[in-house]
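Here's the structure we're looking at; comments come further down.
Ligands are counted one by one from 1 in listed order, and the atoms in each one are counted from 1 as well. These numbers come from a predicted model, not from an experiment.
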Amino acid sequence: MTNPIGVFDSGYGGLTILTELKNKLPNHDFLYLGDNARTPYGTRSFEVVYEFTLQAVEYLFSQGCELVILACNTASAKALRSIQQNVLPLKYPEKRVLGVIRPSSEIIGNYSKTKNIGIFATEGTVKSESYLIEIEKFFPEIMVTQHACPIWVPLIENSIHETLGGKWFVENDIKLLLAKNSKIDTILLACTHYPLLAKIIQEILPENVNLISQGQIVAKSLVDYLQRHQEINDKCSKNSKIEFLTTENHLDFDKKASQFFSEIVSSKTVRLG
Ligand code: DGL
């Protein structure tokens with residue numbers, strides 16, 4: 001691979017985005033990096049998420065990526081803007097970093113009839129208020145109600161989300177969100193890990209509530225971006241190859257990654273920072 005598109009997440013969650021990127025851009029090469037050794041990011045401070053995310057982005061740049069997607073809402077909320085505004089112009093003027101919050105915010109309002117949207121996200125994403133700010137720009141008439149689910153990522157990373165105990169936590173958070181605003185008819189899973197819970201959530205949610213995952217939205221937005229920025233698209237290598245990097249043990253990553261990704265994964269361990 002010469003110039004793959006970099007895809008970064010704090011752990012496995014970004015694989016739910018990569019699945020859709022690969023479907024929409026089957027010829028492009030991708031290099032996935034999961035910072036599994038330091039996950040979760042959702043409960044970490046702004047400064048730490050920024051530092052870890054920048055290390056990951058710079059690592060992907062060093063591997064030939066001209067374009068990196070932060071397939072992590074927490075990293076997008078806490079690090080994207082600073083990287084775009086302060087780091088790229090000075091150090092990497094030719095390279096690009098994109099996130100997942102903007103594409104989701106641009107479209108989510110179209111799903112709601114009641115104009116009441118619920119957001120499930122990590123504590124960090126909720127506290128950043130990025131979704132409130134971004135959705136307001138595109139759908140000022142929509143009421144957005146957020147709910148942080150700090151336990152969901154550890155449940156998923158440790159493969160206990162399908163146990164009775166795991167489901168109890170999921171159900172409890174659903175009830176808490178809907179108790180905050182009973183008019184919600186659309187919920188965005190604003191953490192890339194959460195699509196792994198989609199089936200369980202769907203079983204618990206009232207039938208009139210739409211459940212939206214970000215993968216297809218982000219993939220469509222990237223296709224549009226590459227069409228509008230042919231100069232970036234031309235730099236991306238296209239041999240239909242996907243490679244995986246993790247900051248944890250690569251054998252553990254390969255085993256668990258298969259829950260999140262449809263193909264056999266064979267990763268390498270790398271150190272960041
Ligand atoms: N998957 C990441 C997100 O979309 C966060 C998970 C974590 O807390 O590390 O927000």
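Residue pairs meeting the ring-ring contact (aromatic ring centres under 6.0 Å, His included) criterion with at least one member in residues 118-148, sequence neighbours excluded, are Phe120-Trp152. Applying the salt bridge (Lys or Arg N to Asp or Glu O under 4.0 Å) test to residues at least two apart or on different chains, the pairs with a partner in residues 108-125 are Glu123-Lys127.
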Report all side-chain donor-acceptor pairs from residues 97-106 shorter than 3.5 Å, counting only partners two or more places apart or in another chain.
{"unit_1": "Ser104", "atom_1": "OG", "unit_2": "Val100", "atom_2": "O", "d": "2.7"}
{"unit_1": "Ser104", "atom_1": "OG", "unit_2": "Gln214", "atom_2": "NE2", "d": "3.0"}
{"unit_1": "Ser105", "atom_1": "OG", "unit_2": "Ile101", "atom_2": "O", "d": "2.8"}

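Between atom OG1 of residue Thr246 and atom NZ of residue Lys256 there is a gap of 10.5 Å, rounded to the nearest 0.5 Å.
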Contact table ligand 1 N or O to protein N or O, d under 3.5 Å:
{"unit_1": "ligand 1", "atom_1": "1 (N)", "unit_2": "Asp9", "atom_2": "OD1", "d": "3.1"}
{"unit_1": "ligand 1", "atom_1": "1 (N)", "unit_2": "Thr192", "atom_2": "OG1", "d": "2.9"}
{"unit_1": "ligand 1", "atom_1": "1 (N)", "unit_2": "His193", "atom_2": "ND1", "d": "2.7"}
{"unit_1": "ligand 1", "atom_1": "4 (O)", "unit_2": "Asn73", "atom_2": "N", "d": "2.8"}
{"unit_1": "ligand 1", "atom_1": "4 (O)", "unit_2": "Asn73", "atom_2": "ND2", "d": "3.2"}
{"unit_1": "ligand 1", "atom_1": "4 (O)", "unit_2": "Thr192", "atom_2": "N", "d": "2.8"}
{"unit_1": "ligand 1", "atom_1": "4 (O)", "unit_2": "Thr192", "atom_2": "OG1", "d": "3.3"}
{"unit_1": "ligand 1", "atom_1": "8 (O)", "unit_2": "Tyr41", "atom_2": "N", "d": "3.3"}
{"unit_1": "ligand 1", "atom_1": "8 (O)", "unit_2": "Gly42", "atom_2": "N", "d": "2.8"}
{"unit_1": "ligand 1", "atom_1": "9 (O)", "unit_2": "Ser10", "atom_2": "OG", "d": "2.6"}
{"unit_1": "ligand 1", "atom_1": "9 (O)", "unit_2": "Thr39", "atom_2": "OG1", "d": "3.4"}
{"unit_1": "ligand 1", "atom_1": "9 (O)", "unit_2": "Tyr41", "atom_2": "N", "d": "2.6"}
{"unit_1": "ligand 1", "atom_1": "10 (O)", "unit_2": "Asn73", "atom_2": "N", "d": "3.3"}
{"unit_1": "ligand 1", "atom_1": "10 (O)", "unit_2": "Thr74", "atom_2": "N", "d": "3.1"}
{"unit_1": "ligand 1", "atom_1": "10 (O)", "unit_2": "Thr74", "atom_2": "OG1", "d": "2.7"}

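The backbone N or O of Thr247 sits nowhere less than 3.5 Å from a side-chain atom of Asn36 that would complete a donor-acceptor pair.
The number of heavy-atom neighbours closer than 6.0 Å to CG of Leu90, taken from other residues, nucleotides and ligands shown, is above 12.
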